[in-house]
Structure formats: structure tokens, C-alpha cells
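Here is the structure we will look at.
Note that the numbering runs from 1 along the sequence shown for the chain.
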Amino acid sequence: MTRASAPKPRQPNGASTIYLGKDGRWHGRVTVGVKDDGTPDRRHVGRKTRAEVTKAVRELERQRDKGTVRKAGQSWTLETWLTHWVENIAAAHVSENTIDGYRVAVNHHLIPGLGAHLLEKLQPEHLERFYKKMQDSGSAAGTAHQVHRTVRTALNEAVRRAHLTVNPATIAKAPRLEEEEVEPYSVEEVQHLLAEAAEHRNTARWVIALALGLRQGEVLGMQWDDVDFDLGVIRVRRGRLRPRYKHGCGDRCGRKPGYCPQKINTRRETKNAKSRAGQRPIGAPDELLQLLRQHKEEQARERSLARDLWTDKGYVFTSPTGEPLNPNTDYHKWKELLKAAGVRDARLHDARHTAATVLLILGVSDAVVDSIMGWEPGKSARMRRRYQHLTSRVLKDTADKVGGLLWGTDQTVKIASGAGQSPVPAELVVHVARLGERRVPFLHREHADEVLAQWSEDWPDHTAELERWDRRRWERDGSGGLRAIRDQMPVRAVVFHARAVFLPGGARETSDLPETWSVPAWEFEVDSYTARPSAWRTTRRSTPGQEVEAQVRGTSKEAVEAAFAEACAQAVDRARHPGKYGDVDDW
């Protein structure tokens with residue numbers, strides 16, 4: 001047998017083969033594993049030339065060696081996989097709200113736009129063109145981004161199950177999402193809202209949102225068992241779910257399910273908080289606890305009026321018949337409150353941003369902020385950046401501290417805060433106007449500056465200086481403690497004075513001192529300030545000659561002049577008849 005006619009050696013079992021078929025095309029077969037029934041899983045590739053099929057075989061061998069060969073079996077389209085994923089995989093493992101979002105993205109966007117693509121043929125460019133088409137058709141960037149997150153999650157599961165080797169959604173550029181900077185409500189706007197909320201039903205509901213930053217579902221899912229009046233604590237344990245309705249009339253009313261007169265809610269009312277961080281205790285201010293007590297009494301009156309129509313489920317905030325509030329109704333009540341209070345329009349969720357920013361202003365530590373807001377430790381830094389906004393007040397006080405540190409214009413902060421401590425948070429600084437021997441604390445520096453300027457003009461020979469105190473030091477050492485700190489500009493008035501002295505028998509004493517004069521006075525100067533148009537009195541001196549003094553002061557010059565005449569008349573009578581006024585016992 002010649003060398004040319006000798007048979008070729010047999011390939012070992014499992015080795016790849018390349019051959020020319022009877023159809024004139026080159027074919028390759030690669031063993032990539034074992035099928036479920038135990039037989040070898042050999043994959044076939046076909047090309048026009050030997051070089052092309054060799055390249056395809058080598059690529060399939062590399063995928064086999066790395067373990068990234070697509071699983072054999074059903075050839076999925078994007079439509080069949082998304083439908084299977086959303087109904088049979090995701091629905092059993094995510095919350096009701098999340099699955100609703102998935103279903104909208106899948107059924108209303110992805111399947112109509114991309115559903116015909118074979119799963120393994122889907123390319124990143126297909127997704128990017130689809131996102132652009134969505135936005136060109138009027139969809140918001142946030143909607144396109146939600147669709148991107150949904151398809152990425154669905155295809156990650158396909159990769160995990162070996163139906164796909166690479167997830168094209170992780171390669172595709174997500175739609176650009178420019179998050180709008182939320183402007184939290186100012187303290188003044190919050191005060192307007194709280195004042196208006198007092199005129200509405202469920203007042204405490206809005207106070208909780210603005211003061212504690214609870215999410216809408218957390219507030220509406222709150223029950224009376226979650227409120228501990230003795231400890232002053234509110235425990236967040238569950239959230240209210242948006243109801244989903246079906247027809248109770250057999251679809252005969254011709255309306256949408258939510259408007260059916262016999263509608264049936266197919267969802268549970270609440271769900272437990274999904275994380276340990278979400279289930280949290282929050283300290284409630286005494287003012288809020290008092291509002292909750294009043295709300296509980298009002299709810300008891302509503303229960304009495306509703307009688308047998310009342311459904312007692314233990315919720316804190318209910319409809320007039322005891323049912324938990326519908327989130328959609330709650331949203332519209334919020335919009336009505338904003339309009340009635342004359343406050344700019346904003347989302348209900350912006351109240352949460354406001355509460356988080358207030359915690360930043362007050363200098364509350366990050367750990368406490370995370371606990372109050374219900375943020376997971378691993379995500380808390382990002383959430384603080386998103387929810388805590390650097391308001392003008394924070395920026396101004398920070399600039400003041402930097403100026404004091406670099407240019408030495410503010411030594412009091414260093415002394416008050418103590419050596420070795422971190423800089424005092426902006427809203428923990430008290431701006432103290434030192435007026436002579438009097439110290440008046442202000443929350444806002446502009447108020448202290450205005451009082452100092454006016455005081456210096458009125459009394460140029462008196463001390464007028466600005467001091468900055470750590471609020472904790474002021475609470476400990478300052479006069480009046482925190483209650484003395486002024487949040488508003490104090491009232492200033494010109495006070496008119498009149499004085500005369502009468503000798504026993506009624507004769508008027510002569511003196512070089514003026515009988516009438518006027519002085520400017522602030523409301524914190526209780527010894528010289530008065531808001532009354534006029535007030536007068538007469539007093540008898542004990543020494544040296546039992547003279548009677550008439551004193552008048554007030555904000556109206558005319559009223560003071562009239563009262564001075566009346567005071568002098570009484571002083572003359574008192575000087576002549578001391579027993580009539582109890583000055584002596586022989587009356």
C-alpha cells in the first residue's frame with residue numbers, strides 16, 4: 001500500500017471536524033458539552049469556504065473553553081423571552097409596583113419596537129436606535145431610561161441561564177438622563193404650608209411629610225400601633241400600595257375598571273418595608289405628637305358619625321369611612337394644599353427632599369440622617385447627594401466660615417467651638433448682637449447686622465459688636481437659652497416719655513431735667529420698649545420728702561400728652577390726699 005493511499009488516522013472522540021459537503025459548502029461540527037439526555041452536544045456551522053468555516057469552528061471552540069456557548073434548545077425571540085421573563089420569572093420575585101413598571105416597558109415599548117429580533121442576533125445598535133426613536137416620538141428621557149433598565153435586567157437573566165452569551169444592553173449606551181435639581185421648600189414656605197394644612201382634614205399627614213420626610217406610601221400605610229405616644233416614636237413598618245381594580249359588574253358598565261360602580265381591588269392594601277433600613281423608628285417632635293393626638297380624637301368623631309359604614313382597619317389616615325387613603329386622592333389633596341397656601345407647585349416627593357435638607361441645615365450626623373430617611377448603608381452617600389441640597393443659607397454660612405478662617409475676621413467661632421473640634425455646622429451658629437452689656441441672639445446674620453447698624457446710629461457712644469456662638473454653648477451659657485434665639489427681625493419703635501414730680505400739698509417740683517423726651521427702643525428692651533399708644537402711673541416716693549411722681553410712656557405722642565395731663569391731675573390729688581390712695585392709714 002502506497003503512502004498516498006494509506007487511510008488517515010481517526011480523530012479522537014469529541015474532536016472538531018471540518019469537511020466539504022455534497023452541497024458544495026464547507027461544514028464544521030464542534031462538541032461543546034453534553035445534552036440533558038446524556039448524548040454529546042455537537043454544534044454545526046456552515047460556510048462557503050474552508051477558511052471561513054475554520055474560523056467559525058475555532059471561535060466556537062473558544063466559547064466552549066470559556067463556558068459561554070449559548071444553551072441548546074428553544075430559539076428565543078426578544079418577544080418570547082421578555083414575555084416569559086416578566087410573567088414567569090420576575091413576577092414571582094419583585095414587588096407589585098416593580099412588576100407593573102416591567103410590564104409597561106415590555107408590553108408597551110419593547111415588544112412592539114424590538115420583539116421580532118432573535119435573542120442571539122440582538123445588537124447594542126438595535127437598542128440605541130430604538131431609544132432614539134422613542135424620544136423622537138415624544139417619550140421622555142426618563143421613560144426611555146426605564147425601558148433600558150428593564151431590558152438590561154431581562155437579558156442579564158437570559159445570560160445567567162445560558163440562553164445568551166453577552167448582554168447587548170450592558171454595551172448599549174443608555175439614554176442620557178439629566179436629573180433636574182430639586183429646589184426644596186424654604187423654612188418660610190414650609191411654615192405657610194403648615195399653617196394652611198391646619199385648615200384641612202388630616203393635618204398631621206402633611207406635617208409628617210414635611211417634618212420627617214416619610215414617603216407617601218409610608219405615611220398612608222401607617223397604623224395607630226406604629227405610633228408610640230409615650231416614647232415619642234413613630235415606627236415605619238409598611239407602605240401603602242396603589243390599588244388595582246377589576247370589574248365587579250362583569251364588564252357591563254362600559255367604564256374603565258377603576259370607575260366601575262362595583263369595582264374590586266385585586267391588590268393587597270399594604271406591603272412590609274422591603275429592607276431593614278426601611279423598617280425604622282423615627283423620633284417625633286412634641287408638636288407633631290400633639291397633632292396626632294388631636295387627629296385621633298377627630299377620627300373618633302368621624303367613626304361615630306359613620307356608624308355601621310365605618311371600616312376599622314387601624315390606619316392613621318383614612319377616608320371618612322375608615323378605608324386607607326388612595327395615593328391618587330392623596331396626590332390631588334397635596335396639589336390643593338399648595339394652591340391654597342400660595343406656595344409654588346412641586347411634586348409630593350419634593351417634601352422628602354425638603355425634610356432631608358432641613359436635617360442638613362441642622363447639622364444632623366450622616367448616620368442619623370440615614371436612619372430617619374430609611375436609606376441602606378451602602379447607598380446612603382449617593383442618596384444624601386441626591387436629597388440634601390445646598391441651599392443659599394448653607395452656602396452663605398459656609399462662605400462666612402471660610403472667610404473667618406482665612407482672613408481672621410471671625411475668631412469667635414474658633415473659641416466657641418473648642419479646640420480640636422470640627423467646624424461648627426452652619427445652622428448651629430448663633431449670631432449674637434452685643435449691644436452695650438446686652439447680648440441678643442439671632443438665627444440669621446442679616447438680622448443681627450441690621451440691629452447693630454441701627455443701634456450704632458442711635459447710640460454711637462455704646463458698644464455694638466457681632467459675636468458668633470456655637471448653639472450648644474449658647475444653650476449652656478447664653479441668657480434665655482435656645483428660646484431666646486430670634487428667627488425674625490425684631491420690632492423697633494420710638495417711645496415717648498413724660499415725667500413730673502409733685503411735693504406734698506400739690507406744688508410742682510422744679511428740676512433741670514426735661515419733662516418730656518423720646519428714645520428709640522427695640523422690643524427686646526423690655527425696660528424701655530412698649531407697643532401701647534400710652535400707659536401711665538403715679539407713685540409716692542418713700543424718701544426724702546414723700547413726693548409723688550407721675551410717669552407716662554407710649555408710641556403715640558398725642559396719646560402720651562393726653563395721658564400726661566391725666567397722670568399729673570392724679571398726682572396732685574395724691575399729693576394732697578395721701579390717705580385716699582393708701583399711702584397713709586388715716587383716711
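In summary, the side chains of E269 and Y315 do present a donor paired with an acceptor at a separation below 3.5 Å, with no hydrogens or angles considered. Side-chain contact, W310 with E302: no donor N or O sits under 3.5 Å from an acceptor N or O. Side-chain N/O atoms of E196 and H200 include a donor and acceptor closer than 3.5 Å.
Between P324 and R240, the shortest heavy-atom distance links the atoms CB-NE, 3.6 Å. Here the closest non-hydrogen pair linking K246 and P257 is CA-CB, 3.9 Å. Nearest heavy-atom pair across L119 and A158 is CD2-CB, 4.1 Å. Contact detail for L164 and P168: the closest heavy-atom pair is CD2-CD, 3.9 Å. Of all heavy-atom pairs between L220 and P327, the closest is CD1-CA, 3.8 Å. Contact detail for P441 and W474: the closest heavy-atom pair is CG-CZ2, 3.2 Å.
In this pair, W85 and Y102 present their aromatic rings tilted. The plane angle is within the 30 to 60° band. Between F524 and F442, the ring planes are perpendicular. Angles over 60° get that label, and only those under 30° would be called parallel. Ring geometry for H84 versus W76: interplanar angle of 30 to 60°, hence tilted.
A donor-acceptor contact shorter than 3.5 Å is absent between the side chain of Q223 and the backbone of G314. For W334 (side chain) and A346 (main-chain N/O), a donor-acceptor pair under 3.5 Å exists by modelled atom type. Remark: the backbone N or O of E323 is not paired with any side-chain donor or acceptor of T318 at under 3.5 angstrom. Side-chain atoms of D487 do not come within 3.5 Å of backbone N or O of L443 as any donor-acceptor pair. Side-chain atoms of D226 never come within 3.5 Å of backbone atoms of M222 as a donor-acceptor pair (strictly under, hydrogens ignored). A donor-acceptor contact shorter than 3.5 Å is absent between the side chain of R242 and the backbone of N97. When atom types are taken as modelled, the side chain of H93 and the backbone of I89 share a donor-acceptor pair closer than 3.5 angstrom. Looking only at distances, no side-chain donor or acceptor of H295 sits under 3.5 Å from a matching main-chain atom of T203. With R267 contributing its side chain and Y245 its backbone, the two residues share no donor-acceptor pair below 3.5 Å. With S139 contributing its side chain and T143 its backbone, the two residues share no donor-acceptor pair below 3.5 Å.
In this structure, the separation between CD on E128 and NZ on K133 is 16.0 Å, given to the nearest 0.5 Å. Taking CD of Q135 as the reference point, atom CZ of R176 lies at 11.0 Å (rounded to 0.5 Å). In this structure, H117 NE2 and L110 CG are separated by 11.0 Å, a value rounded to the nearest 0.5 Å. Separation of atoms CZ (R201) and CD (E298) is listed at 8.0 Å; rounding is to 0.5 Å. For the atom pair CZ of R344 and NE2 of H192, the computed distance is 12.0 Å after rounding to the nearest 0.5 Å. Atom CG in N328 sits 9.0 Å away from atom CD in Q216 (nearest 0.5 Å).
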Assess whether salt bridge (Lys or Arg N to Asp or Glu O under 4.0 Å) is satisfied between E450 and R445, documenting all intermediate values.
CA-CA 9 Å; E450 188 171 344; R445 177 169 180 171; over 6 Å; no
May I have the step-by-step check of side chain to side chain contact (heavy atoms under 4.5 Å, CB included) for L155 and T170, ending in yes or no?
CA-CA 9 Å; L155 296 185; T170 60; over 6 Å; no
Set out, in order, the CA-CA distance, both residues' side-chain angles and the distance that settles side chain to side chain contact (heavy atoms under 4.5 Å, CB included) for R205 and D330, then state yes or no.
CA-CA 10 Å; R205 184 264 175 274; D330 182 68; 2.7 Å; yes
Apply side chain to side chain contact (heavy atoms under 4.5 Å, CB included) to R237 and N272, showing your working.
CA-CA 6 Å; R237 291 170 172 153; N272 292 334; 5.8 Å; no
For W81 and E157, what are the C-alpha separation, side-chain angles and deciding distance, and is it a side chain to side chain donor-acceptor pair (under 3.5 Å)?
CA-CA 10 Å; W81 172 252; E157 186 64 26; over 6 Å; no
Show the numbers, then the answer: is there a side chain to side chain donor-acceptor pair (under 3.5 Å) between T80 and T77?
CA-CA 5 Å; T80 56; T77 63; 3.1 Å; yes
Evaluate the criterion side chain to side chain contact (heavy atoms under 4.5 Å, CB included) for residue pair L194 and W206; output intermediate values, then yes/no.
CA-CA 7 Å; L194 295 182; W206 310 115; 5.5 Å; no
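You'll find the side chain of C253 reaches within 4.5 Å of the side chain of H247, heavy atoms only. Using a 4.5 Å heavy-atom threshold, the side chains of L241 and T270 count as separate. You'll find the side chain of L127 stays beyond 4.5 Å of the side chain of H148, heavy atoms only. Considering only heavy atoms from C-beta on, V32 comes within 4.5 Å of L60 through its side chain. Put simply, the side chain of V451 reaches to within 4.5 Å of the side chain of M489, judged on heavy atoms. You'll find the side chain of R255 stays beyond 4.5 Å of the side chain of C260, heavy atoms only. Side-chain atoms of P243 and N326, non-hydrogen and from C-beta on, do get closer than 4.5 Å to each other. With a 4.5 Å cut-off on side-chain heavy atoms, L292 and V227 count as touching.
Aromatic ring centroids of H447 and H431 lie 6.0 Å or more apart. Aromatic ring centres of H109 and F130: separated by at least 6.0 Å.
R103 and E87 are joined by a salt bridge, as a carboxylate oxygen and a charged side-chain nitrogen come within less than 4.0 angstrom of each other. Salt bridge annotation for E336-K339: absent, with no cationic side-chain nitrogen under 4.0 angstrom from a carboxylate oxygen.
Heavy atoms from other residues, nucleotides or ligands lying under 6.0 Å from NZ of K335 number more than 12. Residue Y331 places its OH atom among 12 or fewer non-hydrogen atoms of other residues, nucleotides or ligands, all under 6.0 Å distant.
Test L114, V106, I111, T83 against L78 for side chain to side chain contact (heavy atoms under 4.5 Å, CB included) and you get one pass: L114.
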